[in-house]
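First the proteins, then the strands, lettered A, B, ... as listed; each starts at 1. Since we're looking at a predicted model, the values are computed, not measured.
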Protein chains: 2
Amino acid sequence: MTPSSAPSDETVHDAPSARQQAVLDAVLALLVEEGDQLTMDAVARRASCSKETLYKWFGDRDGLLTATVRWQASRVHAGRDAKSALDAATLRDRLLDFAVTWLDVIAGRTSVVLNRIAIAHAGSRKSNLGGIVLANGRLAIGGRVKPVLEAGRTAGFLAFEDSETAFRTFLGLVGRDIQIRLLLGDALDLDAAEIRRDAARAVDQFLALYGQARP
Amino acid sequence: MTPSSAPSDETVHDAPSARQQAVLDAVLALLVEEGDQLTMDAVARRASCSKETLYKWFGDRDGLLTATVRWQASRVHAGRDAKSALDAATLRDRLLDFAVTWLDVIAGRTSVVLNRIAIAHAGSRKSNLGGIVLANGRLAIGGRVKPVLEAGRTAGFLAFEDSETAFRTFLGLVGRDIQIRLLLGDALDLDAAEIRRDAARAVDQFLALYGQARP
DNA sequence: GGAACCGCGTACCGTACGGTACGGTACTGG
DNA sequence: CCAGTACCGTACCGTACGGTACGCGGTTCC
């Protein structure tokens, strides 16, 4: 047998190489510009690579899409989780920060397009992009928000039984119908100021529902 | 010229005939069963009609989809708007009724599938199903809820400045992340009991935010 | 009965696109 | 200098599917 039969980066599983990242960025750009009639030909042309290479690296069209979603997810995860002392003002700031970040993400062109792709795929089964998007979007932020909520409860600033329920209420107050409207093609452009306003309103409402003045 | 050149129901514009309704129901059934790889061939077979007839009636595939969305929308609109006397309990009941209805709709297989189609279409421009779905879903219920909210304010039970904002908060509390999760393929099946519980919680929270005890 | 029409079934066409094959070029190690 | 590898560009194949054409049975109107 040949020495070390699988040395190169066939069918990208872990972190994509720089060149592969460039390809995935091309996919994202194409997706944002052209809507979803994304053809392998177009990707190859845009990324200046051959279709054969695409298939070698990503297996098939679904694999390319999956890798793209993963790639985008990997760059969103930035965000520090400072374990600072928790007073009421800090809690509020943390929640506000989450709300702004979340709105920024879901209102972004990239997120909208990727969610459209994932939703379309969820219709016809096979390789669930939906699951990936869900895991990296909603679940990921949930994993970071819920500890904050629980810390707030421990410190006596919040009152709730189930942190999941509280979190979902928070999401509802922040997101409202924004995401679905954007997905359906509603114009509705949010500028940064509007996002901050929305986020602040949502946090106020959340604290009105779940906050308590003092332990 | 032939006597009365356009007597029959070419390219369905207004209400579809009984036969046409049967075709549209076939489309819905197919959509629910088969996901979104809906082919004209499959529709013709399922509805026992010829493709030629489909094209004659609906123009093209988009036309068929549009007619289907319209048809489904037309049957959801049921629901009385009793202009009963408005006391606090009635207001709560009305809101609860809206919440349950809304959750029932968005959690339904048909709604999920139709929204998926519309969202996929919103990506590639052309005939905006998204707009239609939006108009018949969110906007339609908004048109019915907002008067109730305003009546509640007039009667002194609610306090808010902008009824649109209040309504969207209501929607957020009721729907939370349910719709997007379903669209992305999350299992998450809600039975009637859970829906009632969710709706009640949402209404309670809404009244906690916007209600006031007495004028 | 026959003409006109509707609509079903089926065969057919064109094309877009996923996937593959192959020649040509550049780089690397021996 | 040569083999091997990686990868680009392009030509190619197969097929699924949107859309059209046509023949035939049933119904309506004279």
Check: D97(A) side chain, D93(A) main-chain N or O, donor-acceptor pair, under 3.5 Å: no
In plain terms, say whether E164(A) and R138(A) are close enough for a salt bridge, that is, a side-chain N and a carboxylate O under 4.0 Å apart. yes
R168(A) side chain vs D177(B) backbone, donor-acceptor pair below 3.5 Å: no
Report yes if at least one side-chain N or O of R19(A) is closer than 4.0 Å to OP1 or OP2 of dC8(D); otherwise report no. yes
Side chain to side chain contact (heavy atoms under 4.5 Å, CB included) between I178(B) and D198(B), worked out: CA-CA 11 Å; I178(B) 290 178; D198(B) 266 15; 3.8 Å; yes
For nucleotides 25-28 of chain D, give me every protein contact, N/O to N/O, under 3.5 Å, one pair per line with atom names.
none

Taking the basic N atoms (NZ, or NE/NH1/NH2) and the acidic carboxylate oxygens, is any pair closer than 4.0 Å for R46(B) and E33(B)? yes
So, is W57(A) close to the dC7(D) phosphate, meaning a side-chain N or O under 4.0 Å from OP1 or OP2? yes
Before you tell me yes or no, could you show the steps for T66(B) and D62(B) under side-chain hydrogen bond (donor to acceptor under 3.5 Å, both in side chains), namely the whole-Å CA-CA distance, both residues' side-chain angles and the distance that decides it to 0.1 Å? CA-CA 6 Å; T66(B) 305; D62(B) 258 23; 5.7 Å; no
Where along nucleotides 16-21 of chain C does protein come under 4.0 Å, by heavy atom, of base (B) or sugar-phosphate alone (S), with - for untouched nucleotides? -SBBBB
If I compare all heavy atoms of A99(B) with all of V203(B), which pair ends up nearest, and what's the gap? CB-CG2, 4.3 Å
R75(A) and D25(A) ion-paired at < 4.0 Å: yes
